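In what follows, a single structure is set out as C-alpha cells and then discussed.
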Amino acid sequence: MNQIQQIREEAIQAIESSQSLEEIKKVHVDFFAKKGKITSLMSQMRNLSPEERPVFGQQVNELKNELQQAYDAKLEVLNQAAMDQKLASEKIDLTLPGIDFSFGHVHPLMIVQREIEQIFMEMGYDVLEGDEVELDLYNFERANIPKDHPARDMQDTFYITDELLLRTHTTAIQMRALEANNGEIPIRVICPGKVYRKDDDDATHSHQFNQIEGLVVGHGVTLSDLKGTLELLAKRMFGQNRHIRFRPSYFQFTEPSVEVDVSCHMCDGEGCSVCKDTGYIEILGAGMVHPAVLEMAGFEDKTITGFAFGVGLERVAMLKYGIEDIRSFYTNDARFLKQFERFE
Ligand code: DAH
C-alpha cells in the first residue's frame, strides 16, 4: 500500500511538472507503458495471498484510472498549447499590403506594329513573317535588283556569304510571298520584320530597324487602290483629318514608284518644325509591283497587277509619339519605355 501511495505521488508530481509534449510522453513511458511502474505493480499480485489480491488489485486499478485521467488532462493542455504556439508562429496577416512589383508592357515599336497589323487584318490581309538571314535572291534579285546593279548601293548590306545576307528590307518577304503563290491570286499580306543596313547610328539612323511591307495582287489592282489603302492607314495612325499625297520616286521593284507624304499631324498642314514648314511628312515608299517582279515570281497572266508599300516602324512611332532619337527604342532605358504603358 505504501508503494501504491509512493507511485501515486511520483506520478502526480511528474504529470504536473511536465512542460512539454516530450516530457509528458516520458511520463507515459515511465508509468503506463509495458515496463512502467504501474504495470510492474500489477505483476506483484502473484506474490500476495488470495485474500489480499482483490483488495490490492482494486487499489492499483483505482490508481491507474486516477493517473490516467490526470495524464489525459495534462496531455490535452499541452497539446492545445503546442497547437496555439504553432498557429501563432505561422500566422499570416492578410491585412498587410502585398509586395509591390511592376508588370512589363508592350514596347512602343510593338504597339505601332500591332496597330498597323490590326488595321490591315480588318481589311482581310494576312500577317506574314520571314527570316532576318535571307538569300540575296529574295532580297535583291527577285526585287529586280541584279548583281552589280548600282541600285544595290542604296542599301548598304551586311553580307554573310556572297549569297546570304541580313535582309535590308521586308521587300524580301514580299518576294517570297509572290513565289509561294505561284501565279495564284488574290494576295493580301502585311509583313512586319527587322531589317539591317550598314549605317552609322545617329538620331535618325540605325543599323537595325523595323519595317512593315504591304502587298496586294489581283486582277486590275490600280494605283488608286494603293492611294485609298494608304489614306486609310494615315487616318487610322495619325487622325481622321489627315490626307496623303504621292510624289514620284524610284524603286527597282515598283513601276511607277511613289514616295508617300502625310499632312502634318502637329500643325494640320500649316507648317511647323516637325514638318519643316512643308505641311507634309514623308512616311513611306510604295508603287505598283514591277511587271518584271511578277514575271520572275511566276505570274504569267498580264491582267494580274499589284501594289506594294514599305513603312518604317520607327519613323511612324517617332512621329506619332514625338520621339526625337531613334536610339531610344533600343537602349532599354526604363524611364523611356515606361511612358508607353498607357498606350497598350
Ligand atoms: N523596300 C523599300 C526600302 O526599304 C521600301 C519600299 C518601297 C517597299 C516601295 C515597297 C515599295 O514595297 O513598293 O526602302
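Being a predicted model, the structure only gives us computed values, none of them experimental. Numbering of ligands and ligand atoms starts at 1, following listing order.
N65 and Q69 share no donor-acceptor pair across their side chains, judged by distance under 3.5 Å alone. No side-chain N or O of Y330 forms a donor-acceptor pair with one of Q208 less than 3.5 Å apart.
Within the listing of ligand 1, atoms 7 (C), 9 (C) sit less than 4.0 angstrom from a heavy atom of F251. Those atoms of ligand 1 that come under 4.0 Å of a heavy atom in G287, given as number and element, are 13 (O). Close approach of ligand 1 to G310 is summarised as follows: ligand atoms under 4.0 Å from at least one heavy atom of the residue are 6 (C), 8 (C), 10 (C), 12 (O). Every atom of ligand 1 with a heavy atom of T254 under 4.0 Å away is listed here by number and element: 13 (O). Of all atoms in ligand 1, numbered sequentially from 1 with element shown, those under 4.0 Å from a heavy atom of Q174 are 12 (O).
Polar contact with ligand 1: present for Q211 (N/O pair, distance under 3.5 Å). An N or O contact shorter than 3.5 Å is missing between T168 and ligand 1 by distance.
At distances below 3.5 Å, at least one donor-acceptor pair connects side-chain atoms of T305 with backbone N or O atoms of V221. Remark: the backbone N or O of S257 is not paired with any side-chain donor or acceptor of S249 at under 3.5 angstrom. Using modelled atom types, one side-chain atom of E314 and one backbone atom of N210 make a donor-acceptor pair closer than 3.5 Å. Looking at R176, its side chain never comes within 3.5 Å of a backbone N or O of E129 through a donor-acceptor pair.
The residues R335 and D333 are annotated as salt-bridged, a charged nitrogen and a carboxylate oxygen being separated by less than 4.0 angstrom.
Of the heavy atoms in A286, only backbone atoms (N, CA, C, O) come closer than 4.0 Å to ligand 1.
Nearest-residue assignment for atom 4 (O) of ligand 1 (options E259, H290, R197, M288; heavy-atom criterion): R197.
Each of T157, D136, T168 was compared with R152 under the side-chain contact (heavy atoms from CB on, under 4.5 Å) criterion, and only D136 meets it.
Residue contacts with ligand 1 include F253, since one or more of its heavy atoms lies under 4.0 Å from the ligand.
Ranking protein heavy atoms by distance to atom 12 (O) of ligand 1, first place goes to E213 OE2, 2.6 Å.
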